[in-house]
Amino acid sequence: MSPCLRAGLVLIRKYLPMDKIVFTDGRIAGKAEPGEKRVALIILSLLGLAIIASSILHNFFPSVLDVPSSEGIPFSNFASLLAMDIGTIIMAWFCFHHAWKRLGLYAASIFLGGSFVFTGVEESMFILLGRWAPAPVPGAVYPAMMGADGITMVANKTYFFTKDLLWFLETPVTACLGWFFLAYAGVYIAYLIIPRAHIFWKAAVGGFLPMNVDLWVDPVQTHAMFRTWIWSDQPGGIWLFGIPITNFIGWFLLIFLFAIVFERLPGMVNRSGGYGRAAVRFYLILIALEFFMLFTLGTYGTVEQAIFSPKINITLWGIGS
Amino acid sequence: MNERTKNNMLDYLPVLSFFIFWFQAALGGALYIKDPALIKLGVVTLPAVAAMIAAVVRIHAGHRNRS
């Protein structure tokens with residue numbers, strides 16, 4: 001072992017206490033009770049039904065939701081989309097399998113379902129508001145795009161995703177599953193590196209890490225050579241590397257709030273006296289937080305666009321300018 | 001592979017997904033685009049890379065302590 005690596009390990013061992021490591025104590029979660037299995041089955045069945053219905057609507061009846069055309073989008077052929085779906089499902093399975101073995105089937109299903117309810121619904125609300133709501137700043141002009149039906153002209157005042165085979169409302173399943181494994185892994189890593197910290201700090205680090213990776217992923221995936229999602233060319237606001245800063249605030253807040261609510265799940269099961277009731281309570285809290293975030297980020301974005309016009313782009317090496 | 005090794009490997013799976021995403025969607029994408037500025041932008045993810053390394057060290061130490 002090189003002296004540098006040895007010195008690094010000594011420092012890590014000195015400053016990161018090893019005596020209280022969560023998740024890696026080798027404990028396997030107990031066998032799921034019938035009530036837990038029932039809730040997991042309901043969640044996974046509802047998710048499956050919602051994905052089938054949304055995918056049919058998005059792919060075969062695009063005019064219903066004014067889906068923009070994906071003509072000319074790179075890597076949008078069937079083989080590329082299938083490869084993207086399979087790769088994402090494998091990465092999500094790694095985390096679901098870990099959650100199932102360590103936390104149990106009930107908690108794993110709640111986390112997975114929560115990823116769709118929380119991020120899938122939230123993203124779809126922002127996407128559809130960008131399509132249908134009036135311009136947030138009066139007088140601002142947003143270029144219209146051709147609809148997927150080749151007839152409709154579609155406005156884009158926020159953003160939209162361009163490609164996937166499977167959809168959950170107007171959000172690709174790969175985005176929902178991506179959020180699931182990034183949120184799960186982010187919080188897991190936070191528990192490992194700051195095991196003694198308060199849940200507030202663990203949730204903050206858990207939210208920061210995926211947001212940190214997104215600082216690189218977003219400029220790359222919105223580049224003309226990928227265009228995995230498309231941001232509207234908004235006239236104002238604060239942008240970071242060519243991406244609205246509200247995107248990064250949203251990433252952080254979604255995982256931060258989710259981690260805090262998820263931490264309270266065992267308490268909810270104990271208090272409500274049933275797995276089903278606790279699941280309903282958990283998802284109702286998520287939906288309330290969703291509306292809170294929609295209102296807060298929407299208001300903030302509108303004020304930001306009105307104040308910072310023309311837009312300010314904070315950049316490194318001219319990225320996004 | 002015995003049960004203990006399988007159980008130990010399980011602990012690396014979430015970190016592995018996080019790493020694959022970083023490697024494929026960010027690093028792979030930036031290298032494919034071949035824009036030097038986008039490749040350099042990777043330095044902003046150093047905290048995430050450091051956290052992944054620290055997590056792997058912690059998992060390894062946890063397994064060693066257990067055995």
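Being a predicted model, the structure only gives us computed values, none of them experimental.
For the residue pair N212(A) and A48(B), the shortest heavy atom distance occurs at OD1-N, 3.1 Å. In terms of heavy-atom proximity, A55(B) sits nearest to L192(A) at CB-CD1, 3.8 Å. The minimum heavy-atom distance linking M91(A) with F21(B) is given by the pair SD-N, 3.9 Å.
In this structure, CZ on F241(A) lies 5.0 Å from CG on L41(B), to the nearest 0.5 angstrom. For the atom pair I20(B) CD1 and F94(A) CZ, the distance stands at 5.0 Å (nearest 0.5 Å). Between H97(A) atom NE2 and L13(B) atom CG the span is 6.5 Å, to the nearest 0.5 Å. In this structure, S17(B) OG and Y184(A) OH are separated by 10.0 Å, a value rounded to the nearest 0.5 Å. Between atom CE of residue M52(B) and atom CD1 of residue I189(A) there is a gap of 6.5 Å, rounded to the nearest 0.5 Å. Separation of atoms CZ (F181(A)) and CG (L16(B)) is listed at 10.5 Å; rounding is to 0.5 Å.
Chain B forms the most heavy-atom pairs under 4.5 Å with one residue out of L215(A), L182(A), I90(A), and that residue is L182(A). Contact count versus chain A (heavy atoms, under 4.5 Å) is highest, among A51(B), A30(B), G42(B), G29(B), for G42(B). Between chain A and the options V56(B), V43(B), L46(B), I39(B), the largest number of non-hydrogen pairs under 4.5 Å is found for I39(B).
By the 4.5 Å heavy-atom criterion applied to side chains, P210(A) and F18(B) are counted as neighbours. Residues D11(B) and R102(A) form a side-chain contact, since some pair of their non-hydrogen atoms from C-beta on lies under 4.5 Å apart.
Although no hydrogens or angles enter the test, the distance criterion places no donor-acceptor pair under 3.5 Å between the side chain of W216(A) and the main chain of A25(B).
Between Y32(B) and F75(A), the gap from one ring centroid to the other is short of 6.0 Å.
Counting heavy-atom neighbours within 6.0 Å of K101(A) NZ, excluding the residue itself, gives a total of 12 or less. Annotation for W100(A): atom CH2 does not count as buried by contact number, only 12 or fewer foreign heavy atoms lying within 6.0 Å. Counting heavy atoms of neighbouring residues, nucleotides and ligands inside a 6.0 Å radius, atom CH2 of W317(A) exceeds 12 of them.
Neither the backbone nor the side chain of L31(B) comes within less than 4.5 Å of any heavy atom in chain A. Of the two parts of L209(A), the backbone and the side chain both hold a non-hydrogen atom closer than 4.5 Å to a non-hydrogen atom of chain B. When heavy atoms are compared at a cutoff of 4.5 Å, V49(B) does not approach chain A at all. F96(A) does not touch chain B: none of its heavy atoms, backbone or side chain, sits under 4.5 Å away.
Contacts of residues 219-227 of chain A with chain B at a heavy-atom distance below 4.5 Å involve P219(A), V220(A), Q221(A), H223(A), M225(A), F226(A), listed in sequence order.
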